[in-house]
Amino acid sequence: MGESASENHQLERLIRQLDWKRPEVAARVNAAYEEITGKQGCYDAEKIRQLARGITRWPTQGYRLALEQTFGVTAAELGFYNPRAKAAKVSQTGTDVCADLLLGWGGEEVDEVQRRELLRAMAVLTAASPVIVAALNAEELERTIRAAASPSRVDAAVLDNIQTILNHARLQDDLLGPQAAIRTTLTQVDIAEALLNGYKGPYESRVQSLRSKVSISAGWQLFDLGRDELARNHFATARDTADEARDHAAGAMALAEWSGMTEEVGKPVEAADQAAGAERRAARTEDPLLRAHAAGIAALALAKSGPDYRADAQSALARADSFDVTTARTPEESLAYFCTPGHIARMRAKALRLIGDLPGAIGAARESLRLQAVRDRAASHILLGTIYIDAGDLDAGVASILDGAEAEAANASARLSGQLLDARTLVHVRAPGSASARKLDRRMEELQLI
């Protein structure tokens, strides 16, 4: 019998070139999957056979990333493509399959192994996150699990349930740090992607919007954990699916959070471009919190871009201050629910420090702490400490940095740990061998932060 027309010759060729057996490929993919997602992989030799035969043409995102990492090439170079994506070309896939055909659930995008993985993920979710699933009653949870197994069951209530779980994960991240929320969020990524790939019906646009929002959370939490490249992938997915769904709020939030990451890793010009895109999209919404957050993010990127952008940064700060963010919102009411006066004050403090206004920066940082920002409270203490040190007040600076260290010890954020270590370096540069430097080191050692 001849080969099926859908066989994935590119993947099969790579496996032969590397002289790997299918069980070895499965083991390597599972190891990469666990490294990326924190969840145990479930691929076996049979699953690899299905990939090579083209039975599964578009693995879920976690496994696509794992396969890319295992082979060191892109999903397209591995011969994978989404049959629902229009105009996929033979040159991209290495197959003779007509990719314009739109398949429903039960097609190649999400096969039985992946459906079992989704159900297992939901079981892990219910066992590991009782606080989150307490928001749903048993009937709602059962309904959501059934939809994961068969998207023909998707309705507005199911999507509401998934959104509720995501919102609770965001609140967990705010209170306990990314380690407490990331597994829940990545499970939601798998579910949302499976629904998006397997569903074609009246809620398709809402599924796309939900997929974007899940990826925004995943991107931020992965960035917080120091996984910048994975975070970048999620932010790009969030922006693209939001734009496809014409969800301007989600698109704005995706670019704003992406810009925040890009600025922090030292690419302010690129960050400013992303922030401009966030502001354009936010302007199409009626959400003052989102518009203020996007403007504040733009101010940070512009302030870091150098003295030529000082006036632009100050204009962005003025835009951020022009919106009323005094009314508290929930995650259901605004993607930027955390954008409170305290949040705006912290961004103002950071921007003013970058443009050299240390008295203004100290005042804004103090205001942020007084107003209790919803997220990044540890960062507010560390920021105030570094500003104090810039201004020559070593004792006040170390005291504030120590407050940040105490908060970070319970947070487990690689991003905040990096900020804390940068602050420690600043202390040692400005006052090497001083009693304050020794005091800081001693407490950070006790907290196992160095």
Side-chain angles (χ1 to χ4, degrees), residues 170 173 178 212-243 247-285 287-306 308-310 312-321 323 325 334-339 343-355 373-376 379 383 413-416 418-419:
R170 297 185 74 188
D173 179 30
S212 175
K213 294 170 184 175
V214 172
S215 282
I216 292 167
S217 290
W220 177 258
Q221 290 162 24
L222 287 164
F223 167 49
D224 219 2
L225 292 167
R227 307 298 297 273
D228 296 353
E229 187 59 38
L230 289 176
R232 192 174 295 110
N233 291 338
H234 280 287
F235 287 139
T237 296
R239 176 201 57 195
D240 294 345
T241 52
D243 287 349
D247 186 336
H248 303 308
M253 191 64 181
L255 280 169
E257 301 292 70
W258 194 355
S259 174
M261 180 185 80
T262 305
E263 178 267 316
E264 287 207 23
V265 300
K267 299 178 180 179
V269 175
E270 182 181 342
D273 287 342
Q274 292 165 340
E279 284 204 87
R280 284 195 300 272
R281 288 165 173 81
R284 299 170 189 161
T285 74
D287 185 344
L289 277 65
L290 181 59
R291 297 186 70 179
H293 177 59
I297 287 291
L300 294 178
L302 291 164
K304 200 168 190 175
S305 295
D308 290 344
Y309 294 89
R310 179 187 178 109
D312 293 328
Q314 291 172 324
S315 294
L317 287 176
R319 290 197 300 276
D321 286 333
F323 297 102
V325 298
S334 173
L335 286 172
Y337 66 93
F338 54 82
C339 187
H343 178 73
I344 295 297
R346 187 185 65 81
M347 290 198 291
R348 187 188 314 119
K350 185 176 178 181
L352 291 177
R353 181 198 179 209
L354 289 168
I355 64 178
V374 173
R375 73 179 189 184
D376 274 358
L383 174 62
S413 163
R415 175 177 60 91
L416 292 181
Q419 293 177 11

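Numbers here simply count residues along the sequence, with the first being 1. Everything quoted here is computed from the prediction, not taken from an experiment.
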Check your understanding: How long is the span from the CD atom in Q314 to the CG atom in L302, to the nearest 0.5 Å?
Key -> 11.0 Å
Exercise for review: Locate the shortest heavy-atom distance separating S212 from A238; write the atom from each residue and the value.
Suggested key: OG-O, 2.7 Å
Practice item. Test R281 against L290 for side chain to side chain contact (heavy atoms under 4.5 Å, CB included), laying out the working first. Key: CA-CA 10 Å; R281 288 165 173 81; L290 181 59; over 6 Å; no
Point to revise | Shortest non-hydrogen contact between F235 and W220, atoms and distance | key: CZ-N, 3.4 Å
Exercise for review: Would you indicate whether the side-chain heavy atoms of I297 and E279 approach each other to under 4.5 Å?
Suggested key: no
Point to revise | Chi angles and distances behind the side chain to side chain donor-acceptor pair (under 3.5 Å) call for T262, E270 | key: CA-CA 7 Å; T262 305; E270 182 181 342; 4.6 Å; no
Check your understanding: Which heavy atom in A301 sits nearest to a heavy atom in P268, and how many Å separate them?
Key -> O-CB, 3.6 Å
**Study point:** F223 and D228, any side-chain heavy atoms less than 4.5 Å apart
**Key:** yes
Review point. CZ of F323: more than 12 outside heavy atoms within 6.0 angstrom?
Key: yes
Point to revise | Least distance between heavy atoms, S305 atom then V269 atom | key: OG-N, 4.0 Å
Review point. Any side-chain heavy atom of L317 within less than 4.5 Å of one from M347?
Key: no
Exercise for review: Kindly assign one of parallel, tilted or perpendicular to the pair H293 and H343, based on the angle between their ring planes and the thresholds 30° and 60°.
Suggested key: tilted
Exercise for review: Please check if the side chain of S259 supplies one atom and the backbone of A271 the other of a donor-acceptor pair under 3.5 Å.
Suggested key: yes
Revision key, fill the gap. Distance col, row R415:CZ vs L222:CG, nearest 0.5 angstrom, shows 12.5 Å
Check your understanding: What distance do L289 atom CG and F338 atom CZ have between them, rounded to the nearest 0.5 Å?
Key -> 8.5 Å
Review point. Quick one: are K350 and K304 in side-chain contact, heavy atoms under 4.5 Å?
Key: no
Review point. Between I344 and C339, is any pair of side-chain heavy atoms under 4.5 Å apart?
Key: yes
Revision key, fill the gap. Shortest non-hydrogen pair, D287 vs S334, comes out as OD2-OG, 2.6 Å
Exercise for review: List the steps, then state whether side chain to side chain contact (heavy atoms under 4.5 Å, CB included) holds for K213 with D247.
Suggested key: CA-CA 10 Å; K213 294 170 184 175; D247 186 336; 3.7 Å; yes
Review point. CZ/R284 to CZ/R291 distance, rounded to the nearest 0.5 angstrom?
Key: 11.5 Å
Check your understanding: Quick one: does S217's side chain have a donor or acceptor within less than 3.5 Å of a partner on V214's backbone?
Key -> no
Practice item. Look at the side chain of R170 and the backbone N and O of L335, then say whether any donor-acceptor pair between them is shorter than 3.5 Å. Key: yes
Study note, to complete from the structure: A256 and A278 have their tightest heavy-atom pair at N-CB, 3.6 Å
**Study point:** Inter-residue atom distance R232.CZ - R227.CZ, 0.5 Å rounding
**Key:** 12.5 Å
Point to revise | Any side-chain donor near an acceptor of the partner, Q419 and E264, under 3.5 Å | key: yes
Point to revise | N/O donor-acceptor pair under 3.5 Å between R310 side chain and I355 backbone | key: yes
**Study point:** Point-to-point distance, once rounded to the nearest 0.5 Å, from CZ of R239 to CH2 of W258
**Key:** 4.0 Å
